[in-house]
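All residue numbers in this chain count up from 1 along the given sequence. In what follows, every heavy atom counts, from backbone to side chain, and hydrogens, waters and symmetry copies are set aside. All ligand and atom numbering here is 1-based and tracks the order in the structure.
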Amino acid sequence: MHIFPCASAVVRDLSPDEPVILNRPHAAGRAARFFAEKFRGKSLYAVKANPSPDLLQILWDNGITHFDVASIAEVRLVRALLPEAVLCFMHPVKTPGAIREAYHTHGVKTFSLDSAEELEKIVEATRDGAGNPATDLRLCVRLRVSSEYAELSLASKFGADLTEAPLLLQAARQVADWLGVCFHVGSQAMSPFAYVQALDRVRAAIADAGVVIDMIDVGGGFPSVYPGMEPPPLEDYFQIIHRHFVALPIAYNAELWCEPGRALCAEYSSLIVRVEKRRGDELFINDGAYGALFDAAHVGWRFPVAAIGDEFAVMERDFAFYGPTCDDADYMEGPFALPENISAGDYIEIGMLGAYGAAMKTGFNGFGNAVAVNVADEPMASLYRGDRVDPRVSDNVVSLR
Ligand SMILES: *Cc1c(COP(=O)(O)O)cnc(C)c1O
């Protein structure tokens, strides 16, 4: 595949009429190696953040061997691409058919659950042809924890609370060959303390249950860098998590797992869009809420932006974006700082869209086509490049290129 040096080369060569996704394999590989080498445990990739087969292959090639899958389609996808990968079905509410196919056809042994009903469902769906229960299940009880340090909450939908967890752990212990506890602190957790709080809750649940625990899975939530969101270094998260993990009352050989989605793929992709019309401080662009910019529209996420080209004014002003569909909700408030003389026909690169961006594109209203190309330059910001200024010791923002 041809590799472009950067976004402006893509615009020069293609003058694209539709949005273009720019993928940076080197950035995804770097993130994978960082987790594989520095997290003191196993790092599973949460496939929903970006299920692109190219990305899955890059992560595998760079040391990610375990994958957190949440639907039977994700199980099939990863299994077809990576026959030797270990797949863990970490959605606490699955269909019986999905569990059956995952276990009997694709060799999935690890399942999460947060209720007695789900436990029963897993036991039934994994029986062998003679009706005997499975003896090799690796079960993971999902605890409900606070999302107060995260930019996107995951606290209300899943997880057993502290009144339910001890009984559930005891029941799961009866049928599991290997028993873990998992949680999710919410996405883009801006402080490592999120995990400390959650691990305190794990400690309480284990103490009440009085069962042997073989694994602790601290879930996802590891941050990336966006405008106005400068997290502490990931090493701080890893260190604090490990320190609290080793102090838990668990099996001496218990494993530590994490399930990063965003942190492994945010830097992988950016997007080129074109301004189709300008109306004051509003730019009508050719991708939006139903495309790769779902989070920019629906949760007001701010992404870094840069005008492509060199004929622009130095002065910038704040813009909002409209997407291409006829829906009023196809609106992204930003603010997005761009040259004050930007106008129809100009191209913009929108950065840090590898997680929950390209993966969420729809075909609504006939839009949603986008080609993808590889580029060799650096992402607009990085947690892994080694030149980032630690936000704890300085007010400086991360260097934009
Ligand atoms: C979405 C999800 C993840 C990944 O979360 P990030 O915030 O992207 O790291 C991990 N585990 C589970 C169970 C999830 O649902």
Side-chain angles (χ1 to χ4, degrees), residues 28 31-32 34-35 39 41-52 55-56 59 64 66-75 78 86-94 98 102 108 110-115 118 138-160 180-192 194-195 198 202 215-226 229 231 234 237-238 241 256-269 294-295 299 301 303 352-360 383-384:
F34 187 94
F35 268 86
F39 182 76
K42 204 154 275 160
S43 299
L44 286 67
Y45 173 57
V47 173
K48 78 165 186 291
N50 187 335
S52 135
L55 173 63
L56 295 171
L59 297 177
I64 302 296
H66 288 50
F67 293 80
D68 159 7
V69 287
S71 63
I72 194 62
E74 287 183 359
V75 172
V78 184
V86 177
L87 308 187
C88 304
F89 208 148
M90 303 307 265
H91 192 305
V93 185
K94 299 167 284 297
V108 178
T110 307
F111 297 89
S112 78
L113 61 123
D114 65 0
S115 69
E118 187 73 10
R138 297 160 74 96
L139 300 183
C140 208
V141 171
R142 169 102 170 238
L143 272 194
R144 180 192 303 248
V145 299
S146 161
S147 268
E148 69 178 292
Y149 292 97
E151 296 292 325
L152 282 176
S153 172
L154 289 167
S156 52
K157 196 165 179 182
F158 299 131
V181 181
C182 60
F183 56 78
H184 198 301
V185 298
S187 205
Q188 185 77 6
M190 292 299 290
S191 164
Y195 298 88
V202 170
M215 182 272 269
I216 302 290
D217 177 353
V218 299
F222 297 92
S224 185
V225 195
Y226 304 91
M229 288 187 265
L234 286 176
Y237 290 71
F238 295 176
I241 287 169
L256 174 63
W257 288 15
C258 68
E259 305 168 353
R262 178 185 306 280
L264 281 176
C265 60
E267 299 180 19
Y268 178 54
S269 307
F294 182 95
D295 280 344
V299 293
W301 207 269
F303 294 94
M352 312 303 283
L353 276 169
Y356 309 110
M360 296 172 77
L383 281 183
Y384 306 107

List of N/O pairs, ligand 1 versus protein, all under 3.5 Å?
unit_1: ligand 1; atom_1: 5 (O); unit_2: H184; atom_2: NE2; d: 2.9
unit_1: ligand 1; atom_1: 7 (O); unit_2: S187; atom_2: OG; d: 2.5
unit_1: ligand 1; atom_1: 7 (O); unit_2: G221; atom_2: N; d: 3.1
unit_1: ligand 1; atom_1: 8 (O); unit_2: R262; atom_2: N; d: 2.8
unit_1: ligand 1; atom_1: 8 (O); unit_2: Y356; atom_2: OH; d: 2.5
unit_1: ligand 1; atom_1: 9 (O); unit_2: G221; atom_2: N; d: 2.9
unit_1: ligand 1; atom_1: 9 (O); unit_2: G261; atom_2: N; d: 2.9
unit_1: ligand 1; atom_1: 11 (N); unit_2: D68; atom_2: OD2; d: 3.0
unit_1: ligand 1; atom_1: 11 (N); unit_2: E259; atom_2: OE1; d: 2.5
unit_1: ligand 1; atom_1: 15 (O); unit_2: K48; atom_2: NZ; d: 2.8

Under the 3.5 angstrom rule, does the side chain of E151 hit a backbone N or O of S187 as a donor-acceptor pair?
no
How would you list, by chain and number, every residue that makes a salt bridge (charged side-chain N to carboxylate O under 4.0 Å, His left out) with K48, sequence neighbours excluded?
none
E259 meets the salt bridge (charged side-chain N to carboxylate O under 4.0 Å, His left out) criterion, sequence neighbours left out, with none
Could you pull out all residues at least two apart from S269 that satisfy side chain to side chain donor-acceptor pair (under 3.5 Å)?
N23
How close do F183 and L143 get, heavy atom to heavy atom, and via which atoms?
CB-O, 3.6 Å
Could you label the plane-to-plane angle of the F39 and F222 rings as parallel, tilted or perpendicular, counting under 30° as parallel and over 60° as perpendicular?
perpendicular
